[in-house]
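The basis for the numbers below is simple: all heavy atoms, side chains too, and nothing from hydrogens, waters or symmetry mates. The first residue of the sequence shown is numbered 1, and numbering continues consecutively from there.
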Amino acid sequence: MNAAERRDLIERVNRQSATIGQELPETITVGDDDLPLEEFLIETRKVEGIPDDAKPLVRETERELAAERKRLVERLESAPIDREEGEELVETIVGIDRARNALKSLRRERFGAEARSATLDDHERWLEFVDAIRR
């Protein structure tokens, strides 16, 4: 793989929108373990929030995913690889990013519910204000 091809692949994984519209691998390998990515993403959409007893596991999983992503990006940047292997690395890195985003969204779920509640409260106050002016 030449330097321009390598640069293009690195740019793809560092793009904010790298995960949008991309076909995902069914599994990604993190360390020595295979993570069924599609199943993981589907299951995380069903979860309202993180139970307190699962928070340490989620944090550890996030750390492992971040470490694996870093390792793979470093390999993409400097290892002697061909274009096909580079494409596979990009696919895996994007899959890891999707998994990390899913974990982050679990944490934001409560915030999202609180934000919706606060917005409704704001609307109710506004309507009360408008109603008071009408009287």
Results of side-chain hydrogen bond (donor to acceptor under 3.5 Å, both in side chains) for R83 - residues two or more places apart only: E87
Working note: I10 + R6, criterion side chain to side chain contact (heavy atoms under 4.5 Å, CB included); need CA distance, chi angles, decisive distance, verdict. CA-CA 6 Å; I10 293 167; R6 186 180 301 266; 3.9 Å; yes
Say you draw a straight line from [atom1] of [X] to [atom2] of [Y]; how long is it, rounded to the nearest 0.5 Å?
X	Y	atom1	atom2	answer
I93	L65	CD1	CG	12.5 Å
L89	I81	CG	CD1	5.0 Å
E64	I96	CD	CD1	11.0 Å

Less than 4.5 Å apart, side chain to side chain, heavy atoms only: is that true for [X] and [Y]?
X	Y	answer
E91	E88	no
L76	V13	yes
M1	D82	no
R100	E62	no

Side-chain ion pair, R63 and E60, N-O less than 4.0 Å: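 Yes, this pair counts.
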Pairing of E74 and R71 as salt bridge, 4.0 angstrom limit: no
One pair to check against side chain to side chain contact (heavy atoms under 4.5 Å, CB included): R12 and L9. What are the steps and the verdict? CA-CA 5 Å; R12 275 180 37 201; L9 293 176; 3.5 Å; yes
